[in-house]
Number of protein chains: 2
Amino acid sequence: MVNRSSTTTLAFALLGLISQKPYSGYDLRKFFSSTPMTSFSDSPGAIYPALRRLERRGLIRGRVDAGKDRRKRRLFEATPRGRAEFRRWQLQPITRDDVVHHVDSLMLRFAFMDESVGRAIALRFLKALHKELASYIPTLHQYLKANRSAMPLSGRLALESGILGYESLFRWTKAAIAAYQKEN
Amino acid sequence: MVNRSSTTTLAFALLGLISQKPYSGYDLRKFFSSTPMTSFSDSPGAIYPALRRLERRGLIRGRVDAGKDRRKRRLFEATPRGRAEFRRWQLQPITRDDVVHHVDSLMLRFAFMDESVGRAIALRFLKALHKELASYIPTLHQYLKANRSAMPLSGRLALESGILGYESLFRWTKAAIAAYQKEN
DNA sequence: TAGTCCATGTAAGATGTTACATGATTCA
DNA sequence: TGAATCATGTAACATCTTACATGGACTA
């Protein structure tokens with residue numbers, strides 16, 4: 001997973017959600033299966049063991065929700081250590097490797113920033129991402145230029161689609177920075 | 001992995017490359033570590049066992065390359081069964097689930113189409129992807145519209161970045177279809 | 001000759017997938 | 001009362017990560 005800590009992306013997604021408000025395992029499964037744009041598994045065989053690991057590490061705490069009506073369920077809350085661990089992850093510097101291989105993780109880190117670390121840091125994150133993309137994208141164009149003539153049409157188009165995706169992300173960072181600066 | 005067959009995306013990437021020309025395990029590692037836009041692991045602990053599994057299933061065949069100079073290495077070639085398996089995977093219908101969770105796989109399937117199944121089928125694939133995206137993207141906008149006001153700025157922007165990525169891909173399919181139709 | 005690249009592999013451990021299992025509650 | 005949904009879990013299995021290991025060939 002190359003997360004620098006031993007925590008999985010799934011585990012950070014769970015921790016991020018639980019840091020906002022209490023969730024049960026079932027809630028989290030529903031969230032992953034119903035919300036678009038989440039690439040996480042909603043299978044019980046992934047969620048429940050991951051929650052148990054987070055609890056064992058003291059990052060979340062489960063308590064039984066004795067709702068009168070419905071069947072009893074375990075609601076998980078983040079501990080101070082859990083919130084601190086999540087913030088630590090969010091605040092890691094953005095590396096080239098993040099941009100090349102872990103864009104999803106970067107977006108997850110960003111998605112919860114307003115609530116957990118505040119807008120100033122969210123803005124700083126966007127600027128760092130903008131800068132890293134600005135240095136990465138030209139290398140993609142260089143690669144395309146060097147290999148273009150040797151590639152079949154489908155291969156070349158597939159590569160171009162990846163480049164367009166990064167360029168779309170680059171434009172997004174500019175718009176997002178503007179959105180933060182307008183609201184400051 | 002949800003690949004409908006038991007083959008991993010990494011295994012299909014290996015099989016696709018080997019279907020074009022012989023590669024050694026080391027070649028494949030170098031390919032994954034040097035080429036931009038590949039999300040695959042270049043670690044020997046992933047590559048070599050995956051190659052052995054493909055060989056055991058009769059999809060590739062390794063022979064020792066007795067180059068005079070360099071140390072001997074195993075060059076892998078695709079068997080007819082291996083090529084057929086790869087084509088079968090490429091020809092699977094595009095599902096909503098593919099578009100939501102496995103865009104990378106779709107691009108991998110497409111990248112090798114010219115060489116393995118031909119341009120007509122590549123074009124058909126692009127049209128199917130175009131159609132699926134056209135039906136999926138509005139649901140993302142609906143979700144955004146319904147939840148926009150309840151989301152913090154960072155969360156909303158993260159969601160919008162995902163939507164922009166799909167819209168970028170959608171524009172790409174149009175351009176790619178045009179590129180095929182120009183060359184037909 | 002020392003370091004780097006070529007080249008292939010294994011071992012331990014963690015995680016995720018698929019499938020199965022259980023029982024309560026709600027609703028038709 | 002039967003089906004669907006709520007809710008949590010386990011077991012077997014495959015795969016991937018990280019780290020270690022080996023040895024030949026090239027080059028400064």
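Chain identifiers are assigned alphabetically (A, B, ...) following the order of the sequence lines, protein sequences preceding nucleic acid strands; residue numbering begins at 1 within each chain.
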Query raised in the report: Taking only residues two or more places apart in sequence, or in another chain, which ones meet B:Ser24 in a side-chain contact (heavy atoms from CB on, under 4.5 Å)?
Result: B:Tyr26, B:Asp27, B:Arg73, B:Leu75
Report task. Please name all residues satisfying side-chain contact (heavy atoms from CB on, under 4.5 Å) with A:Arg52, sequence neighbours left out, ordered by chain then number. Result -> A:Pro49
Report task. Work out which heavy atom in A:Arg74 is nearest to a heavy atom in A:Glu55; give both atom names and the distance. Result -> NH2-OE2, 3.0 Å
Does any pair with a residue in [range] pass salt bridge (Lys or Arg N to Asp or Glu O under 4.0 Å), and if so which ones, sequence neighbours excluded?
range	value
residues 166-176 of chain A	none
residues 31-45 of chain B	none
residues 6-19 of chain A	none

Is any side-chain nitrogen or oxygen of [X] closer than 4.0 Å to OP1 or OP2 of [N]?
X	N	result
B:Tyr26	C:dT8	no
A:Ser41	C:dT17	yes
A:Ser43	C:dT18	no

Show me the donor-acceptor pairs within less than 3.5 Å that the side chains of residues 31-40 of chain A make with the rest of the protein, sequence neighbours left out.
unit_1  : atom_1 : unit_2  : atom_2 : d
A:Ser33 : OG     : A:Arg29 : O      : 3.2
A:Ser33 : OG     : A:Lys30 : O      : 3.2
A:Ser34 : OG     : A:Lys30 : O      : 2.8
A:Thr35 : OG1    : A:Phe31 : O      : 2.9
A:Thr38 : OG1    : A:Phe32 : O      : 3.2
A:Thr38 : OG1    : A:Thr35 : O      : 3.4

What's touching nucleotides 10-14 of chain D from the protein side, N or O pairs under 3.5 Å?
unit_1 : atom_1 : unit_2  : atom_2 : d
D:dT10 : OP2    : A:Arg52 : NH2    : 2.7

Report task. Determine to 10° how strongly the helix from C:dT1-D:dA28 to C:dA28-D:dT1 is bent, judged from the axes of its five-pair ends. Result -> 30°
Query raised in the report: So what does B:Ile47 hit on the nucleic acid, given a heavy-atom distance under 4.0 Å: a base, only sugar-phosphate, or nothing?
Result: nothing
Interatomic distance, [X] [atom1] vs [N] [atom2] [rounded to whole Å]:
X	N	atom1	atom2	result
B:Lys30	C:dT4	NZ	C1'	11 Å
A:His101	D:dC16	NE2	P	15 Å
A:Leu51	D:dT8	CG	C1'	11 Å
A:Tyr23	D:dA7	OH	P	14 Å

Less than 3.5 Å apart, which donor and acceptor atoms pair up between the side chains of residues 120-133 of chain A and the rest of the protein, not counting sequence neighbours?
unit_1   : atom_1 : unit_2   : atom_2 : d
A:His130 : ND1    : A:Thr173 : OG1    : 3.0
A:Glu132 : OE2    : A:Arg96  : NE     : 3.3

